[in-house]
Chemist: 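One structure, as structure tokens, below. Some questions next.
Order of the sequence lines fixes the chain letters, A, B, ..., with proteins taken first and strands second; residue numbering starts at 1 for each chain.
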Amino acid sequence: MFASVQVGRQSLRRPWLPQWSRLVRGRKIQAVQRRGKWIVIQLDGPFLVIHLGMTGQLTVASAQQPTSDHTHLIFHLAASDQQLRFRDVRRFGSATCYADQQALDVFFESSGLGPEPFAMEGKYWRACLAKTQRCLKAILLDQRVVAGVGNIYADESLFEARLHPERLGSQLTAREAGSLHKAIVRVLNHAIEKRGSSIRDYIGGSGLKGEFQDEFRVYGRTDEPCLRCRKAIVRIVLAGRSTHFCPRCQK
DNA sequence: ACAGGATCCTGGGGGC
DNA sequence: TGCCCCCAGGATCCTG
């Protein structure tokens, strides 16, 4: 149960509002869910919704454990020396609160967040690809098309599906669309098994690093040999993001 | 509608 | 040691 909320001096992109501290006080955590890149902590009534941005960390720690710099929110837990901490060096992340299920639904609907890749229908996916002239990389990063795919997993999925990131969505055959969808699901499941990717900042709830960074096949492997054909991995910029691919394997 | 760029932030690493 | 530049798991806004 939340006892109180301690707010840091610096503000996040969307500041934590004082009424949210009152809203969560005395509430118990019922469940922790996820929707796209949003962590949804269901309390008995309100919902605490967290986005880690680039450098966010959500951890549970003992109150005795020193708090590092850039810790913006500390949720003190009642009758316990444990606390839920939100730390974010670059402050691109956010923590917000919604009073009830309806308010939460309104938030996700208004944001236009796309379906979970695991539950996405092939027909919907093919329609999204068909109606756009954008390149595959830009489509994968668009949270309104499919939720939860970020820069690493976009590159890894395209490699898995052997598709060039600059290919246009409208050019894909139904077969290619299907293999890209399958690749996204496979890559994300693999990354989840490995508890995500820790490049420098990321740690999971228990403070442990992820291990998927050791499994990258293209991301961050510029000039290194492709693990399938030995050709050097290339880095380009697409949709404003660094993009890695094998120029021989990915067509 | 979409591409491309700037912006919000802090910090690490490389070159000089 | 310092300075400057580029880079980074993301999203949003603006212009053309």
Side-chain angles (χ1 to χ4, degrees), chain A residues 8-16 34-39 49-59 67-73 86-96 107-108 110-114 117 127-159 165-171 184 187-205 208-223 233-244:
Chain A
R9 284 173 301 280
Q10 285 185 304
S11 163
L12 292 160
R13 193 169 175 95
R14 301 171 67 179
W16 174 262
R34 179 195 58 76
R35 178 75 177 89
K37 297 178 187 175
W38 300 89
I39 297 165
V49 177
I50 287 164
H51 195 300
L52 299 180
M54 297 269 240
T55 52
Q57 302 173 337
L58 193 63
T59 56
T67 52
S68 26
D69 287 346
H70 311 292
T71 299
H72 305 294
L73 291 169
F86 181 53
R87 172 172 190 259
D88 185 1
V89 171
R90 289 176 72 183
R91 289 191 272 145
F92 290 166
S94 67
T96 50
F107 164 66
F108 282 128
S110 66
S111 71
L113 189 62
C128 286
L129 292 169
K131 73 180 178 195
T132 181
Q133 292 304 114
R134 298 151 85 196
C135 68
L136 296 178
K137 177 66 185 262
I139 297 167
L140 289 178
L141 291 178
D142 187 345
Q143 302 299 300
R144 292 166 306 181
V145 173
V146 56
V149 180
N151 203 37
I152 291 173
Y153 305 118
D155 284 5
E156 294 296 320
S157 298
L158 288 164
F159 177 79
E166 286 181 297
R167 280 281 293 284
L168 302 187
S170 58
Q171 288 178 342
I184 295 166
V187 165
L188 288 179
N189 278 328
H190 186 193
I192 289 165
E193 263 174 45
K194 297 285 173 180
R195 301 191 321 278
S197 313
S198 292
I199 295 175
R200 49 171 68 87
D201 299 282
Y202 177 73
I203 50 173
L208 287 176
K209 289 187 171 195
E211 288 173 348
F212 191 67
Q213 65 280 3
D214 302 331
E215 319 261 326
F216 290 166
R217 295 196 280 171
V218 282
Y219 185 84
R221 296 194 61 246
T222 312
D223 298 331
I233 299 300
V234 169
R235 175 190 180 276
I236 59 173
V237 174
L238 283 180
R241 309 299 300 279
S242 94
T243 299
H244 314 76

Chemist: Take the angle between the ring planes of F216(A) and Y219(A) and call it parallel below 30°, perpendicular above 60°, tilted in between.
Modeler: perpendicular

Chemist: Does D155(A) pair with K137(A) as a salt bridge, N-O distance under 4.0 Å?
Modeler: yes

Chemist: If you find the nucleotide of DNA chain B closest to C135(A) and the one closest to V89(A), which residue's nucleotide is nearer the 5' end?
Modeler: C135(A)

Chemist: Expressed as a whole number of angstroms, how long is the span from I199(A):CD1 to dT10(B):P?
Modeler: 21 Å

Chemist: Write down the distance separating the C1' atoms in dG9(C) and dA3(B), rounded off to the nearest Å.
Modeler: 23 Å

Chemist: Tell me yes or no: between the side chains of S170(A) and Q133(A), is some donor less than 3.5 Å from an acceptor?
Modeler: yes

Chemist: For G93(A) and D88(A), which heavy atoms make the closest approach, and how far apart are they?
Modeler: N-OD2, 2.7 Å

Chemist: Write down the distance between CZ (R91(A)) and P (dT12(C)), rounded to a whole number of angstrom.
Modeler: 18 Å

Chemist: Charged N to carboxylate O under 4.0 angstrom, D142(A) versus R134(A)?
Modeler: yes

Chemist: Whole Å only: how far is the NZ atom of K209(A) from the C1' atom of dG9(C)?
Modeler: 14 Å

Chemist: Counting only side-chain heavy atoms from C-beta out, which of dC7(C), dC2(B), dG9(C) sits nearest to M54(A)?
Modeler: dG9(C)

Chemist: Does S198(A) put a side-chain nitrogen or oxygen below 4.0 Å from OP1 or OP2 of dG9(C)?
Modeler: no

Chemist: Regarding S242(A), tell me which of base, sugar-phosphate or nothing describes its non-hydrogen contacts under 4.0 Å with the strands shown.
Modeler: sugar-phosphate

Chemist: State the pairing partner of dC4(C); accept Watson-Crick or G-U wobble contacts with both distances under 3.5 Å, and report none otherwise.
Modeler: dG14(B)

Chemist: Considering only side-chain heavy atoms of R90(A), which listed nucleotide, dG9(C), dC2(B), dA8(C), is closest?
Modeler: dA8(C)

Chemist: OP1 or OP2 of dG11(B) less than 4.0 angstrom from a side-chain nitrogen or oxygen of H70(A), does that happen here?
Modeler: yes

Chemist: What integer distance in Å separates F92(A):CZ from dG9(C):P?
Modeler: 11 Å

Chemist: Using a heavy-atom cut-off of under 4.0 Å over every strand shown, decide if G240(A) touches base, sugar-phosphate, or nothing.
Modeler: nothing

Chemist: At under 4.0 Å between heavy atoms, what does R144(A) touch on the DNA or RNA strands: base, sugar-phosphate, or nothing?
Modeler: nothing

Chemist: Without decimals, in angstroms, what is the distance between D201(A) CG and dG10(C) P?
Modeler: 13 Å

Chemist: At less than 4.0 Å, is any side-chain N or O atom of K37(A) found next to OP1 or OP2 of dG10(C)? Yes or no.
Modeler: yes

Chemist: Output yes when at least one side-chain N/O atom of H51(A) is less than 4.0 Å from OP1 or OP2 of dA11(C), else no.
Modeler: yes

Chemist: Taking the P atom in each of dC9(B) and dC3(C), what is the distance between them to the nearest angstrom?
Modeler: 23 Å

Chemist: Could you tell me the separation between the CZ atom of R9(A) and the C1' atom of dC9(B), rounded to a whole number of Å?
Modeler: 17 Å

Chemist: Specify the glycosidic conformation (syn or anti) of dG9(C), with syn defined as within 90° of 0.
Modeler: syn

Chemist: Does the gap between the ring centers of F212(A) and Y153(A) come in under 6.0 Å?
Modeler: yes

Chemist: If you pin R200(A) and R13(A) to their nearest nucleotides in DNA chain B, which one's is more 5'?
Modeler: R13(A)

Chemist: Would you indicate which nucleotide in dA3(B), dT10(B), dA8(C) comes nearest to any side-chain atom of Q10(A)?
Modeler: dT10(B)

Chemist: Atom CG of D142(A) and atom P of dC13(C): how far apart are they, to the nearest Å?
Modeler: 14 Å

Chemist: Nearest whole Å is fine: how far is dG4(B) P from I236(A) CD1?
Modeler: 11 Å

Chemist: When you measure from the side-chain N and O atoms of R241(A) to the phosphate of dG10(C), is any distance below 4.0 Å, counting only OP1 and OP2?
Modeler: yes

